[in-house]
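Written below as structure tokens is the structure these notes are about.
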Amino acid sequence: MDFQFTKEQEALREEFDVFFGEEMKNAPETWYSVVGIESIFHSDEHFKFHKYMAGKLAEKGWISRAWPKANGGQDAPMLEQLIFNEVVAWHRAPGIDPFAVGMFAPTLLVGGTEEQKRRLLPPIANGEVFYSQGWSEPDAGSDLANLSTTAIKDGDEYVINGQKTWSTGAHFADHMFLLARTDPESSRSKGLSMFNIKLDTPGIEVRPLLYMDNNHVYNDTFFKDVRVPACDLIGAENEGWALTRQTMNFERSNVGGFVEGKRSLEELIDYMNKTRRNGRLLSKDPIYRQQVAQLYAAHEVGQTLAYKIAWEQQKGGLSFAATAASENKVFGAELNQQVAELTTKILGPYGQVGPSKWSSLDGKAPGHYQFCTAMNIFAGSNEVQRNLIAWVGLGLPRT
Amino acid sequence: MDITLNKAQLNVIKEARKFLKKECPSEFVREMFEDQKGYTDELWDKIVQMDWTAISIPEEYGGMGMALLDLVLILEETGRVLLPGPFLSTVSLFAEALVVAGSDKQKGFFLSKVADGSIKGTLALFEPDGGSNPGYIQTSANPEGDSFILNGTKLMVPDAHVADYLICAARTRPGASLEEGITLFILPADTPGMEITVHPTMDSIRKYSQIEMRQVTIHRDQILGELDNGWEALDKAMQRSQVAICAESVGGAQWAMESATEYAKNRIQFGQPIGAFQAVKHRCAQMFADVESSRSILYYAAWAQDHEEPTAASIAASAAKAYCSEAFTRVTCDNVQVLGGAGFVWEDDIHLYLKRAKANEIALGDPDYHRDRLVDLLP
């Protein structure tokens with residue numbers, strides 16, 4: 001057993017750290033007032049900074065670092081990816097597009113043709129093209145297989161009709177990776193296919209879907225007779241569901257969540273060390289001390305579990321990795337909510353006030369409190385994740 | 001013992017719900033979220049016509065002289081719909097302090113105007129370094145002849161931006177403990193030297209303000225209760241207001257539970273209503289338990305204010321405030337979890353309740369404050 005990183009890995013971490021330390025000085029003023037990976041979609045200015053960072057990362061070749069050399073990458077091992085993700089998370093840095101890089105590129109690498117990889121990967125690696133995810137529909141949330149958007153073959157094109165919802169950042173993105181029903185006779189997870197779609201294709205309408213703090217991050221996307229060339233079908237026709245299983249695995253290890261959470265707690269402790277309430281330093285309050293300590297320890301737990309997941313993935317132990325990733329998603333999301341609740345509690349009245357002269361911690365507490373409810377729902381709700389752990393991990397029967 | 005509501009009380013609830021369904025629909029509440037004033041005069045007049053501003057004002061001052069429990073029944077209904085406007089601030093925060101501490105003359109002047117709806121008022125307590133402890137008061141009131149000069153800052157004062165009068169807690173002399181040397185003052189909101197600024201709060205249906213007081217001059221006639229010994233009266237009045245806030249929280253929690261349960265019955269995924277799944281069922285069941293238990297302690301705490309001996313009443317108020325606040329927060333988060341994505345959108349109403357729950361949690365002492373207080377009250 002050895003938790004030490006090698007000298008080379010530490011040097012790499014240092015290199016990443018110096019880079020982000022410098023570049024994050026260019027972040028917009030409001031950057032730290034918005035919590036979470038979706039802060040890149042928070043405003044035009046935020047997305048502009050995301051694009052800027054993507055360009056800078058592309059110059060270093062760091063967007064495609066984990067990809068095979070044959071596809072322009074550097075075959076970076078899992079642990080180096082882990083180190084990179086930790087550093088990105090600690091700096092709260094954008095640039096690695098969660099959809100283009102986090103989900104679509106891995107899908108292409110697994111299921112794309114050589115032509116598609118040659119055509120679609122370089123723009124992603126160069127930080128030029130950004131993606132949105134076209135999966136959820138009004139009647140296909142937790143039950144994604146219930147989706148009904150159709151993609152009917154017509155000559156050398158497919159014609160798409162339907163509606164997607166929760167299209168994160170579709171108002172900023174260039175492309176969408178879409179899951180649609182190519183076999184109209186099919187039901188549920190059979191007969192689904194994945195497509196790469198340019199969002200400026202005629203027939204696509206993107207409409208804002210405001211979330212609970214009245215911000216525009218998400219959208220509904222409507223497709224009316226949208227024509228997509230057959231060369232943009234990713235993987236085999238009607239085999240799209242299997243492809244989504246593979247992208248989902250890339251999304252769930254969550255080490256970044258625990259690292260960022262630790263930073264948030266450290267900032268909260270710093271605030272407590274400087275702030276008096278009722279004449280006493282907040283950091284001396286015995287109740288708050290216990291609660292902060294308990295959450296910090298939980299982040300250590302999450303981080304070590306994430307390390308184990310990455311290690312198992314590196315060794316090829318996918319079954320454990322998938323189950324543990326589900327557990328880590330649940331654990332991480334519920335923990336994040338506890339951090340948001342403790343922060344609003346400790347800030348007291350100041351936790352109710354958005355960015356303004358009265359707010360503390362960059363005024364992010366109210367926004368964080370609202371956003372953290374979503375983490376227990378998106379990317380597979382905690383209920384679904386617990387079912388997966390039970391069925392896949394423990395072999396418990398379905399009802 | 002008889003812990004049922006009587007026919008008259010059940011009727012009050014029924015009429016209140018009917019009235020609010022008509023006069024306070026969700027579209028109106030959502031409009032008021034972004035409206036600067038936050039309510040309409042028309043709605044206020046209609047509330048007055050329902051006699052709601054008179055319910056708990058003593059009869060000799062033009063009110064109906066009913067019990068705190070009777071006000072609580074109405075506040076459950078107003079909490080259920082997130083009624084915009086300075087209703088709770090006026091009939092509870094403002095009026096209770098007057099009832100407990102006011103002279104006959106002051107009660108005659110102010111309470112009659114609360115009862116007939118002609119004035120709005122609130123209570124200014126929180127201060128910058130006090131966090132969620134309403135007892136940490138550093139605003140100074142220095143005597144100058146027959147006057148006092150107020151200097152200090154109050155935060156998170158509900159409805160100050162529309163109040164005609166404010167009751168303000170200030171320190172008239174240093175004390176050995178935080179509670180010693182506090183005096184209550186009552187003053188018009190437009191007294192020179194008062195600057196009221198609305199905060200951008202997460203719960204934007206109830207507007208909260210900062211009040212900056214610079215050399216505010218008031219007369220000794222404006223003292224409410226005893227000079228230097230205002231804490232005891234303030235504490236008593238606050239208990240009654242804490243119970244009032246719990247009523248609002250229970251009403252809101254009830255809505256959140258009903259709305260989640262209804263959704264679980266109708267939303268189809270995996271070929272069946274999601275309420276068929278045990279994880280969802282159990283969450284709804286827990287929400288029900290949270291609401292029922294909150295309501296139980298609420299009614300006891302309200303009754304206790306009028307019937308129990310002081311320590312028992314105080315314990316009940318703190319127990320209720322700690323419990324009901326956390327239950328309301330839990331239930332709103334549980335509603336979002338049941339609704340999934342639908343619970344997260346601006347267009348759905350649950351976020352309004354989620355935000356109200358957080359604000360009510362810290363109002364008049366957060367759960368940690370009340371648990372700490374409770375321990376000291378126990379024999």
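Within every chain, numbering begins at 1; the chains are lettered A, B, ... in the order of the sequence lines, protein sequences first and strands thereafter. Values in this document were obtained by computation on a predicted structure and should not be read as measured data. Values below: all heavy atoms of this structure, side chains included; hydrogens, waters and symmetry mates excluded.
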Sub-4.5 Å side-chain heavy-atom contact between B:Leu155 and A:Tyr350: yes
4.5 Å side-chain heavy-atom contact, B:Tyr208 and A:Pro349: no
Engaged part of A:Ala365 at the chain B interface, taking heavy atoms whose separation is under 4.5 Å: neither
Heavy-atom closest contact (A:Trp166 atom, B:Gly341 atom, distance): CZ2-O, 3.1 Å
Point-to-point distance, once rounded to the nearest 0.5 Å, from CH2 of A:Trp358 to CD of B:Gln210: 5.5 Å
A:Lys190 atom NZ, neighbour heavy-atom count above 12 within 6.0 Å: no
Top of A:Ala374, A:Ser381, A:Gly354, A:Ser136 for chain B proximity - count of heavy-atom pairs under 4.5 angstrom: A:Ala374
Toward chain B, the part of A:Ser356 with a non-hydrogen atom under 4.5 Å: side chain
Between OG1 on residue A:Thr344 and CE on residue B:Met202, distance to nearest 0.5 Å: 7.0 Å
Non-hydrogen side-chain atoms of B:Trp346 and A:Asn215 separated by less than 4.5 Å: no
Side chain / backbone / both / neither for A:Gln337 at chain B, heavy atoms under 4.5 Å: side chain
Salt-bridge present (A:Asp139, B:Arg267; N to O < 4.0 Å): yes
Most chain A-contacting option - heavy-atom pairs closer than 4.5 Å, from B:His199, B:Gln278, B:Met156, B:Gln138: B:His199
Portion of B:Pro367 that has a non-hydrogen atom of chain A nearer than 4.5 angstrom: neither
Region of B:Glu34 in contact with chain A, defined by heavy-atom distances below 4.5 Å: side chain
Euclidean distance, A:Arg276 CZ relative to B:Asp129 CG, rounded to 0.5 Å: 9.5 Å
Validation row: A:Tyr218, B:Val345 side chains within 4.5 angstrom (heavy atoms): no
Residue-level interface, residues 269-277 of chain B with chain A, non-hydrogen cut-off under 4.5 Å: B:Gln269, B:Phe270, B:Gly271
Rounded distance (nearest 0.5 Å) linking atom OG of B:Ser132 with atom CD of A:Gln352: 8.5 Å
Please output the side-chain donor-acceptor pairs of residues 328-336 of chain B that fall under 3.5 Å, not counting sequence neighbours, one pair per line with the distance.
unit_1	atom_1	unit_2	atom_2	d
B:Thr329	OG1	B:Ser325	O	3.2
B:Thr329	OG1	B:Glu361	OE1	2.6
B:Arg330	NE	B:Asp290	OD2	3.0
B:Arg330	NH2	B:Asp290	OD1	3.1
B:Thr332	OG1	B:Phe328	O	3.3
B:Thr332	OG1	B:Thr329	O	2.8
B:Asp334	OD1	B:Arg283	NH1	2.8
B:Asn335	ND2	B:Ala256	O	2.8
B:Asn335	ND2	B:Ser259	OG	3.2

Greater than 12 external heavy atoms within 6.0 Å of A:Arg289's CZ: no
Shortest non-hydrogen separation from B:Gln337 to A:Ile377 and the atoms involved: OE1-CG1, 3.5 Å
Contacting region of A:Lys357 [heavy-atom separation from chain B under 4.5 Å]: side chain
Contacting moiety of A:Arg188, where chain B heavy atoms sit under 4.5 Å: side chain
Results of salt bridge (Lys or Arg N to Asp or Glu O under 4.0 Å) for B:Glu179 - residues two or more places apart only: none
Pick from A:Asn376, A:Ile287, A:Asn146, A:Asn214 with the largest number of heavy-atom pairs that fall under 4.5 Å of chain B: A:Asn214
Top of A:Asn278, A:Thr373, A:Leu210 for chain B proximity - count of heavy-atom pairs under 4.5 angstrom: A:Asn278
Contacts of A:Gln294 that satisfy side chain to side chain contact (heavy atoms under 4.5 Å, CB included) - sequence neighbours left out: A:Gln338
Aromatic ring pairing A:Phe371/B:Phe344, orientation class (parallel under 30°, perpendicular over 60°, tilted between): perpendicular
Test item: side-chain donor near acceptor, B:Lys355 and A:Gln370, under 3.5 Å: yes
Interatomic distance, B:Asp368 atom CG to A:Asp285 atom CG [nearest 0.5 angstrom]: 7.5 Å
When A:Pro138, A:Ser359, A:Gly367 are compared by non-hydrogen pairs under 4.5 Å with chain B, the top option: A:Pro138
Toward chain B, the part of A:Asn382 with a non-hydrogen atom under 4.5 Å: both
Within 6.0 angstrom of B:Phe288 CZ, more than 12 heavy atoms from elsewhere: no
Min side-chain heavy-atom separation A:Arg277-B:Tyr136 under 4.5 Å: no
Under 4.5 Å from any heavy atom of chain A - which part of B:Asp366: side chain
